[in-house]
Asks: 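I have a structure here, written as structure tokens, and I will follow up with some questions on it.
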Amino acid sequence: MTARTYSADDIAAAKAWPFEEARKLDARLKRMNHDGVVIFETGYGPSGPPHIGTFGEVARTTMVRRAFELMTGRKTRLISFSDDMDGMRKVPPHLPNQEMLARYLQKPLTTVPDPWGSHDSFAHHNNAKLRAFLDQFGFDYEFVSSTECYKSGLFDQTLVRVLERYDALMEIMLPSLGDERKETYSPILPISPTTGRVLYVPLLERDAKKGEILFEDEDGSKVKIAVGGGNTKLQWKVDWAGRWFALGVDYEMAGEDLTESVRLSNRIVKALGGEPPAGFNYQLFVDEEGKKISKTKGNGISIEQWLTYASPESLSLFMFQNPKAAKKLYFDVIPKTLDEYWRHVEEYPKQAGAKAIDNPAWHIHEGNPPEATTPVSFAMLLTLVNAVGGEPEVLKGFIRKYRPTASAEELRAADALTLYAARYYKDFVEPKKQYRQPTDEERAALATLAARLREIGDGAEEDAYHTATFDTGKAHGYEKNLRDWFAAIYEIVFGQTEGPRMGPFTKIYGAVATATLIEDALARR
RNA sequence: GGGCCCGUAGCUCAGCGGUAGAGCAUCUGACUUUUAAUCAGAGGGUCGAUGGUUCGAUCCCAUCCGGGCUCACCA
């Protein structure tokens with residue numbers, strides 16, 4: 001499939017938020033007479049593994065990036081920046097080798113040994129996780145390590161600039177600090193040459209010309225070092241601003257909890273002589289009751305949970321929707337969002353112009369939505385799973401029965417859903433199953449049915465199986481109340497009060513397999 | 001309390017100056033030698049409240065109400 005083309009008028013008329021963001025970015029670049037490659041950035045803190053928020057930020061930033069590219073045709077890059085020179089402030093719980101890690105408190109995360117022993121450092125381990133995580137979704141990005149930026153000298157000029165503009169920066173930062181911090185605050189944090197820890201100490205002397213600072217080391221000695229080459233790092237807010245300045249970041253969004261940080265960092269980057277990136281503050285997720293999601297409470301849901309029951313595309317849709325509203329992230333939204341995703345995909349080919357590029361599917365698929373949609377909804381599969389169980393092959397059989405005219409592509413889309421439906425079955429339906437013990441009459445009737453099905457064998461018509469089921473019931477005293485016969489089958493064989501129509505089910509599941517299913521149920525104690 | 005963001009049908013969301021929309025849920029009907037599913041249709045909103053701008057406001061402005069985040073340290 002080839003990407004469609006859109007006219008300038010279409011794009012100007014597009015109202016989806018990524019286009020609004022792209023317009024903001026474009027205005028900023030015009031104001032600056034910036035005509036180079038446009039840099040998008042997302043941040044990552046490697047003191048923990050990547051999570052659903054990490055996904056959201058990269059997905060949303062990519063949506064703005066693609067909208068911007070369509071709008072301007074300009075070259076762009078997406079930097080995934082890992083703040084891995086940050087000192088380890090506390091030992092994250094639930095990690096192995098706690099006592100070993102405790103000895104590395106305050107040291108840059110890239111110098112903390114990997115508690116799992118597989119990478120150069122704790123940060124390297126998590127950085128690798130981040131990359132594997134982003135790669136799994138096919139994001140286009142460039143990984144950048146803070147430590148490498150400092151060590152390679154890439155940030156040297158920025159550090160010197162911080163020294164040059166020291167007074168202006170302090171004027172911005174000091175009012176935002178508590179009394180105690182005011183006394184010791186420094187935008188530049190030296191790494192102790194003796195202990196390797198990140199030091200939160202005041203600068204005793206600074207020489208912008210030489211690019212040097214004097215500070216008191218942990219052992220009490222006065223030490224003079226060059227700011228560059230990885231000897232020092234910038235402290236938050238200034239660090240963020242310095243990063244924008246040094247890397248030329250044009251666009252970065254952030255969670256609303258960082259609203260104040262963005263404000264300050266914007267002022268700082270200006271003081272450094274740069275221009276704040278465009279961007280906005282997206283809202284954090286809340287749980288079903290609208291409460292803040294916290295790891296300790298364990299409310300909300302994780303990315304692993306989402307991807308267990310629904311596709312990454314559906315999660316992208318969730319991220320696309322309303323980034324400025326506090327979205328409720330709880331289990332029920334998963335199937336709903338998955339079905340909404342497919343509805344949008346279905347709509348796309350019917351739409352044109354601005355309407356098409358406002359379609360979430362365009363943004364989720366970076367301009368290339370798939371052509372085929374699923375012929376059955378996920379909601380329907382979840383219902384079906386209640387009736388016929390969670391075997392993907394059986395589900396696929398039912399899909400083909402329900403949608404005999406579906407194309408191969410459509411079936412492929414639907415088949416992918418059976419995997420999620422099967423997991424849903426295993427986790428939510430199967431545990432609730434209650435198999436009833438048969439009465440003697442029921443036992444006899446079911447045994448007869450199993451024998452009949454075996455006799456007919458696979459490959460007969462649905463009706464043959466259905467008739468056999470009816471006849472067996474009638475022959476065992478159910479001619480007046482066939483409903484009870486079916487209820488007995490479902491309760492004893494399927495472990496639930498409702499089940500599939502027996503004819504079609506037997507056809508799809510296989511007559512011999514169905515007979516075995518019945519016999520197994522009779523053997524159950 | 002200050003700042004920022006959000007508030008459209010039961011739920012999830014779209015619409016953002018010109019007589020309120022979708023999906024799900026609900027209800028009704030059709031259909032299948034059980035149920036579910038499927039199909040057709042219906043009901044459901046003073047667009048958080050109040051003022052203002054306008055010929056006209058869900059959409060712009062102001063105020064208020066409700067919710068979230070933030071305003072020590074750390075990121």
Asks: Quick one: list whatever passes side-chain hydrogen bond (donor to acceptor under 3.5 Å, both in side chains) with A:Arg343, sequence neighbours left out.
Replies: none
Asks: My understanding is that only residues two or more places apart in sequence, or in another chain, count here; which of them pass side-chain hydrogen bond (donor to acceptor under 3.5 Å, both in side chains) with A:Arg267?
Replies: none
Asks: Scan A:Ile489 against the nucleic acid and name what it touches under 4.0 Å (heavy atoms): base, sugar-phosphate only, or nothing.
Replies: nothing
Asks: Is A:Ser261 side chain donor-acceptor paired with the B:rU70 base, going by distance under 3.5 Å alone?
Replies: no
Asks: Distance check, C1' atoms only: B:rG3 and B:rG17, in whole angstrom units.
Replies: 30 Å
Asks: Report the distance from atom CZ of A:Phe331 to atom C1' of B:rC11, rounded to the nearest whole Å.
Replies: 16 Å
Asks: Is there a Watson-Crick or G-U wobble partner for B:rG56 with both distances under 3.5 Å, and which nucleotide is it?
Replies: none
Asks: Which part of the nucleic acid does A:Tyr44 contact within heavy-atom distance under 4.0 Å: base, sugar-phosphate only, or nothing?
Replies: nothing
Asks: Over all strands shown, is A:Tyr490 touching base, sugar-phosphate only, or nothing at heavy-atom distances under 4.0 angstrom?
Replies: base
Asks: Using the P atom as the point on both nucleotides, what is the distance between B:rG66 and B:rG44, in whole Å?
Replies: 31 Å
Asks: How do A:Asp358 and A:Ser377 order along RNA chain B: which one's closest nucleotide is nearer the 5' end?
Replies: A:Asp358
Asks: Identify each atom pair where a protein N or O and an N or O of nucleotides 2-6 of chain B are less than 3.5 Å apart, giving names and distance.
Replies:
unit_1	atom_1	unit_2	atom_2	d
B:rC5	O2'	A:Gln283	NE2	2.9
B:rC5	O2'	A:Lys324	O	2.7

Asks: In whole Å, measure the gap between the P atoms of B:rG48 and B:rA14 for me.
Replies: 14 Å
Asks: Within this structure, what is the CD-to-C1' distance between A:Glu252 and B:rA75, rounded to whole angstrom?
Replies: 13 Å
Asks: Given side chains that start at C-beta, do those of A:Val394 and A:Thr418 come closer than 4.5 Å, heavy atoms only?
Replies: no
Asks: Please indicate yes or no: is the ring centre of A:Phe486 less than 5.5 Å from the centre of the six-membered base ring of B:rU35, with the two planes inclined by under 30 degrees?
Replies: no
Asks: Are any side-chain N or O atoms of A:Tyr465 and backbone N or O atoms of A:Ala460, one a donor and one an acceptor, separated by less than 3.5 Å?
Replies: yes
Asks: Partners of A:Asp10 by side-chain hydrogen bond (donor to acceptor under 3.5 Å, both in side chains), sequence neighbours excluded?
Replies: A:Ser7
Asks: Strictly by Watson-Crick or wobble contacts shorter than 3.5 Å, is anything paired with B:rC24, and which nucleotide is it?
Replies: B:rG10
Asks: For A:Ala102, check side-chain contact (heavy atoms from CB on, under 4.5 Å) against everything at least two apart and list the hits.
Replies: A:Val91
Asks: Between A:Arg60 and A:Glu21, does any NZ, NE, NH1 or NH2 come within less than 4.0 Å of an OD or OE carboxylate oxygen?
Replies: no
Asks: Applying a 3.5 Å limit to both distances, which nucleotide forms a Watson-Crick or G-U wobble pair with B:rA72?
Replies: none
Asks: Nearest whole Å is fine: how far is B:rU34 P from A:Glu491 CD?
Replies: 18 Å
Asks: Expressed in whole Å, how much space separates the P atoms belonging to B:rA20 and B:rU53?
Replies: 23 Å
Asks: How far does the C1' atom of B:rG23 sit from the matching atom of B:rA9, given to the nearest Å?
Replies: 12 Å
Asks: Under 3.5 Å, is there a donor-acceptor pair between the side chain of A:His365 and the main chain of A:Ala361?
Replies: no
Asks: In whole angstrom, give the distance that lies between atom NE2 of A:His363 and atom P of B:rA14.
Replies: 12 Å
Asks: For A:Ser145, which residues count as a side-chain hydrogen bond (donor to acceptor under 3.5 Å, both in side chains) partner, sequence neighbours excluded?
Replies: A:Asp84
Asks: Classify A:Asp179 by what it touches in the nucleic acid, base, sugar-phosphate, or nothing, heavy-atom distance under 4.0 Å.
Replies: nothing
Asks: Under 4.0 Å: is that the gap between some side-chain N or O of A:Gln321 and OP1 or OP2 of B:rA14?
Replies: no
Asks: Kindly list each side-chain donor-acceptor pair under 3.5 angstrom involving residues 181-191 of chain A, sequence neighbours excluded, with atom names and distances?
Replies:
unit_1	atom_1	unit_2	atom_2	d
A:Arg181	NH1	A:Thr184	OG1	2.5
A:Lys182	NZ	A:Leu177	O	3.0
A:Ser186	OG	A:Ile188	N	3.0
A:Ser186	OG	A:Ile188	O	2.5

Asks: Can you tell me which residue pairs pass the side-chain hydrogen bond (donor to acceptor under 3.5 Å, both in side chains) test with a partner in residues 314-324 of chain A, sequence neighbours excluded?
Replies: A:Trp306-A:Ser314
Asks: When you compare B:rU12 with B:rC71, how far apart are their P atoms, in angstrom units rounded to a whole number?
Replies: 28 Å
Asks: Provide the distance between the two C1' atoms, one in B:rA72 and one in B:rC11, to the nearest whole Å.
Replies: 40 Å
Asks: For B:rA37, which nucleotide is its Watson-Crick or G-U wobble mate, given both distances must be under 3.5 Å?
Replies: none
Asks: May I have the distance from A:Leu264 (atom CG) to B:rC73 (atom P), rounded to whole angstrom?
Replies: 11 Å
Asks: Which part of the nucleic acid, if any, lies within contact of A:Glu180, taking any heavy atom under 4.0 Å across all strands shown: a base, the sugar-phosphate backbone alone, or nothing?
Replies: nothing
Asks: Counting only N and O atoms by type, is there a donor-acceptor contact under 3.5 Å from the side chain of A:Trp236 to the main-chain atoms of A:Ser261?
Replies: no
Asks: Below 4.0 angstrom from OP1 or OP2 of B:rU33, is there any side-chain N or O of A:Tyr465?
Replies: no
Asks: Heavy atoms under 4.0 Å, any strand shown: does A:Thr467 hit a base, just sugar-phosphate, or nothing?
Replies: base
Asks: Using atom CE of A:Met173 as one end and atom C1' of B:rC74 as the other, report the distance to the nearest whole Å.
Replies: 12 Å
Asks: Counting the atoms with a prime plus P, OP1 and OP2 as sugar-phosphate, which does A:Lys90 contact under 4.0 Å by heavy atoms, base, sugar-phosphate, or nothing?
Replies: nothing
Asks: How does protein reach along nucleotides 20-26 of chain B, written 5' to 3' as B (base within reach of a heavy atom under 4.0 Å), S (only sugar-phosphate), or - (no contact)?
Replies: ---S---
Asks: Which value, in whole Å, describes the distance between the P atoms of nucleotides B:rU26 and B:rA37?
Replies: 9 Å
